[in-house]
Protein chains: 2
Amino acid sequence: MIRISVDLMGGDHGPEMVVPGVAKALERHPDIRFTLFGLEPECAPILAKYPALAQASTFVACEVAVGMDDKPSQALRRGRYRSTMWRAIEAVKTDDADVCVSAGNTGALMAMSKFCLRTMANIERPAIAAIWPTLRGESIVLDVGATIGADAQQLIDYAMMGAAMARALFEIEKPTVGLLNIGVEEIKGQDEVKEAGRMIREAQMPSLDYYGFVEGNDLGKGTVDVVVTEGFVGNIALKTAEGTARQIAEYLRAAMSRTLMARIGYVFAKSAFNLLREKMDPGKVNGGVFLGLNGIVIKSHGGADAEGFAAAVDVGYDMARNGLKSKIEHDLNLFHNHRSTLVVPATDSSSN
Amino acid sequence: MIRISVDLMGGDHGPEMVVPGVAKALERHPDIRFTLFGLEPECAPILAKYPALAQASTFVACEVAVGMDDKPSQALRRGRYRSTMWRAIEAVKTDDADVCVSAGNTGALMAMSKFCLRTMANIERPAIAAIWPTLRGESIVLDVGATIGADAQQLIDYAMMGAAMARALFEIEKPTVGLLNIGVEEIKGQDEVKEAGRMIREAQMPSLDYYGFVEGNDLGKGTVDVVVTEGFVGNIALKTAEGTARQIAEYLRAAMSRTLMARIGYVFAKSAFNLLREKMDPGKVNGGVFLGLNGIVIKSHGGADAEGFAAAVDVGYDMARNGLKSKIEHDLNLFHNHRSTLVVPATDSSSN
């Protein structure tokens, strides 16, 4: 059994989208038990339409819903201890849930998650990991916007956390990891990235296979399982890719309706187009994973539909079932113990 | 008459691609006069096949060709004063050409251009501007990789140079300019970007219409005419968009050949697909423009075909015809004089 806490009030459409999404996820994974946090007047009538979900879940009525435009500080002031978002996160802290899923606003969700769950030992700052569709399947890209700026050590923490997530999600033993850069030569790029490259190569971590630098076009190719970058760059890369996908979909729509021949062609090729649309739909691969906290929180796209929210729940399910958190803790311990054994002799000799 | 100097030896295919590209551009713009720099044994037989081009151009035989993998320092050591790349750039400096076009390697071309032409007064660092296809037409995005990191003043320089380029290329009187960021609120983002936003808003420049922050997905939408960012981020955004376009083209190809019905549909819609391919082909919109130097240098994609190289020459032609360099100089002077009039009274009062 996997226990998932859900903030019903998040997203552009709130419980009308979230409840059917949760119901869909339950159909796929009947072993989930949900704790659902919502405002009763809005949620009760919708939940009544999903008896199977009602059976597999506990509803907890809350007082406050965090708004999609609330600033993080505002959300903390208004919603701490009593909002649906806070309570859903808290369920992870109190071990009433294995993972929390919310489509609420990213800034507020991250601020509350940090405040409530705190960062893991040895981790200074959390990261948001995105699941990126590629020509080879899927990759994990992080950080896509939790924090601006990262030094070499933080990039290495991201690499370890991303690799642990790849092991949990893709069930690969030793995922390949690349550092996002503007060239593949060792001499190019930001100092932090070059330094991280040197450190990660030297550390020879058993949990990952360091590939080297990758460039922007490697993201879509799926050159590596895990792409590591600082949050500003990662966020812009993610949104640029989403924007490009939408742009091409628009070109395609226009091209297909331009001539009679093209419209006839469209009718013949309709099922192929539907398949393509599914591949290109950012909502199908949904679920940013907050990494580096004492608990797993999944952020669904605010604009996701029920299918998209269900995909985010699926991600949470896989993360919990495959023990993501303990995998990360294990790798971090290994790395930091290894570092301290490297450091100790030097300290000893200086004290002699 | 527009005078263009061309490095025939650049690109993955050298003169075999560049010469036909130049010939194509001449067909479109019979008022161009070319100075062509190449190694004689390789270029002479190819040039002999294009008599109209031979008539409209002067061939200058050189001793050295810069390799596509040469490091900038290597290229400067081996090729300064005597390579085809250097001599083509130098023709702009000696006013034998209005603009230089090369498909040679970016690092070497930028290093030589900086060394030979020097940066403009008031400009610390050059930028590479890309022409980005959008749903609304085209935008200019800079810097896409000339320099890593930029402070607020440098971002403002980029904004002015990009706006001048938009005026020259799109013939818009007051282009809209946005700063690339990870959110549209004033409180979000890198400090340099926030500071640049404040400064540019206060400066109320007559040459551009400051829009505010834009995000990665605004690139494809064409929200603004000019998107300003630091070179690391710009390069990754550019390559991510190119990679996503290729990825979707691959999905499309696979989807269209999957079933018999889809293949029939493809036949009917073939001309629409060709149109789409043209829109999605990064080679069609070719020509990175080096801005901030005492002369205009256009970088063509190394992998471009003849049509792509011709497009890069077209960009150079438009830049020269519309007086890009003097537009930039004019705007920079206006801005820096305006700043000094703001500063002078304060200095005066302190000396009294």
Side-chain angles (χ1 to χ4, degrees), chain A residues 71 107 133-135 145 148-149 180-183 185 187-191 215-221 229 231-233 235-252 254-259 261-273 275-276 279-280, chain B residues 71 107 133-135 145 148-149 180-183 185 187-191 215-221 229 231-233 235-252 254-259 261-273 275-276 279-280:
Chain A
K71 297 210 172 67
T134 77
L135 286 174
I148 291 175
L180 192 58
N181 202 343
I182 65 169
E185 302 91 5
I187 52 145
K188 273 196 174 173
Q190 286 176 326
D191 291 337
E215 298 192 69
N217 52 339
D218 288 303
L219 289 162
K221 278 190 209 161
T229 184
F232 189 86
V233 171
N235 184 275
I236 282 171
L238 181 72
K239 288 191 178 154
T240 300
E242 284 177 0
T244 305
R246 259 188 231 116
Q247 179 184 0
I248 294 172
E250 185 58 35
Y251 287 158
L252 187 61
M256 287 296 106
S257 58
R258 221 177 123 86
T259 64
M261 290 289 269
R263 282 199 295 273
I264 294 171
Y266 179 80
V267 173
F268 275 98
K270 204 153 193 264
S271 70
F273 279 112
L275 200 82
L276 181 71
K279 283 250 188 201
M280 284 170 62
Chain B
K71 298 211 172 64
T134 77
L135 287 173
I148 291 174
L180 192 59
N181 202 343
I182 65 169
E185 302 91 5
I187 52 146
K188 272 195 177 175
Q190 286 176 327
D191 291 337
E215 298 192 71
N217 52 338
D218 288 303
L219 288 163
K221 277 190 208 161
T229 184
F232 189 86
V233 171
N235 184 276
I236 282 170
L238 180 71
K239 288 192 178 154
T240 300
E242 285 178 358
T244 305
R246 259 189 230 116
Q247 179 184 2
I248 295 171
E250 185 58 33
Y251 286 159
L252 187 61
M256 287 295 105
S257 59
R258 222 176 120 86
T259 64
M261 289 289 268
R263 281 200 295 272
I264 294 171
Y266 178 78
V267 173
F268 275 97
K270 203 152 194 264
S271 71
F273 278 112
L275 200 82
L276 180 71
K279 284 248 188 203
M280 283 169 63

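Naming: A, B, ... by sequence-line order, numbering from 1 per chain.
Closest non-hydrogen pair, A/Ala262 versus B/Ala272, comes out as CB-CB, 3.7 Å. Nearest approach of B/Ala241 to A/Thr240, heavy atoms of both residues: CB-CG2, 3.9 Å.
Across A/Met256, A/Arg263, A/Lys221, the residue that shares the most heavy-atom pairs under 4.5 angstrom with chain B is A/Met256. If you tally non-hydrogen atom pairs under 4.5 Å between each of A/Ser271, A/Gly265, A/Gly243 and chain B, the highest count goes to A/Gly265.
At a 4.5 Å heavy-atom cutoff, B/Asp218 makes no contact with chain A through either its backbone or its side chain. Both the backbone and the side chain of B/Leu180 come within less than 4.5 Å of a heavy atom of chain A. Interface residue A/Asn181: backbone and side-chain heavy atoms are both found under 4.5 Å from chain B.
Between B/Ile236 and A/Ile182, some side-chain heavy-atom pair lies under the 4.5 Å cut-off.
To the nearest 0.5 Å, atom CD of residue B/Gln190 and atom CD1 of residue A/Ile148 are 6.0 Å apart.
Under the side-chain hydrogen bond (donor to acceptor under 3.5 Å, both in side chains) criterion, B/Asn217 pairs with no residue at all, not counting sequence neighbours.
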